[in-house]
Amino acid sequence: MPKIIVLPHEEICPEGSVLEAEKGTSICDALLQGGIEIEHACEKSCACTTCHVYVREGFDSLEESDENEDDYLDKAWGLEPDSRLSCQARVADEDLVVEIPKYTINMVSENH
């Protein structure tokens, strides 16, 4: 079963984590099932950017993002080439290394 290695995040996952995830599970669902409370304001319907993550390793194993996800990613805070919406990116056969950004668009707009 593929693993998701979550890099440390100061507030959400200070120690980092290693989770097992079934193939086909969204990264967001895997994190939530593993006790990592990643924000997902639109309830995982690809209508916001709050579940934005960086896939530092294993990015190429994921299916390509569709046009809708790309449109929302363009609005994400701190967009990088390995950015994905975790509600849309599904675990494949390879292990993933995931970093949760320091901020979400909600945090930035609320001046956190």
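What's counted below: heavy atoms across the whole structure, side chains too, no hydrogens, waters or symmetry copies.
Residues forming a side-chain hydrogen bond (donor to acceptor under 3.5 Å, both in side chains) with S65 (at least two apart in sequence, or on another chain): D70. Taking S83 as the reference, H52, Y54, L73, L79, E80 meet the side chain to side chain contact (heavy atoms under 4.5 Å, CB included) condition, with sequence neighbours excluded.
Residues P14 and P8 form no side-chain contact, since every pair of their non-hydrogen atoms from C-beta on lies 4.5 Å or further apart. Side chains of L85 and C46 form a contact here, defined as non-hydrogen atoms less than 4.5 Å apart. Between V6 and I36 the shortest side-chain heavy-atom distance falls below 4.5 Å.
A donor-acceptor contact shorter than 3.5 Å is absent between the side chain of H40 and the backbone of E43. The backbone N or O of Y72 lies less than 3.5 Å from no partner atom in the side chain of T49, so there is not a single donor-acceptor pair.
Interatomic distance, E11 CD to E37 CD, rounded to the nearest 0.5 Å: 13.5 Å. Taking CD of Q33 as the reference point, atom CD of E20 lies at 12.0 Å (rounded to 0.5 Å).
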Atom pairs and distances, side-chain donor-acceptor, residues 88-101, under 3.5 Å, sequence neighbours left out:
from: R90; atom 1: NH1; to: G24; atom 2: O; distance (Å): 3.0
from: D93; atom 1: OD1; to: K23; atom 2: NZ; distance (Å): 3.4
from: D95; atom 1: OD1; to: K3; atom 2: N; distance (Å): 2.8
from: E99; atom 1: OE1; to: R56; atom 2: NE; distance (Å): 2.7
from: E99; atom 1: OE1; to: R56; atom 2: NH2; distance (Å): 2.9

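T25 and D29 make their closest contact through CG2-CB, 3.9 Å (heavy atoms, listed as atom of the first residue, atom of the second, distance). Considering every non-hydrogen atom in both I4 and A30, the closest pair reads CD1-CB, 3.6 Å. Shortest non-hydrogen contact noted between S26 and S86 is CB-O, 3.6 Å.
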Q) Stepwise, does the side chain to side chain contact (heavy atoms under 4.5 Å, CB included) test hold for I27 with V55? A) CA-CA 10 Å; I27 293 172; V55 182; 4.2 Å; yes

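Note on I12 and I5: separate hydrophobic clusters, where clusters join Ile, Leu, Val, Met, Phe, Trp and Tyr whose side-chain heavy atoms are under 4.5 Å apart, directly or indirectly.
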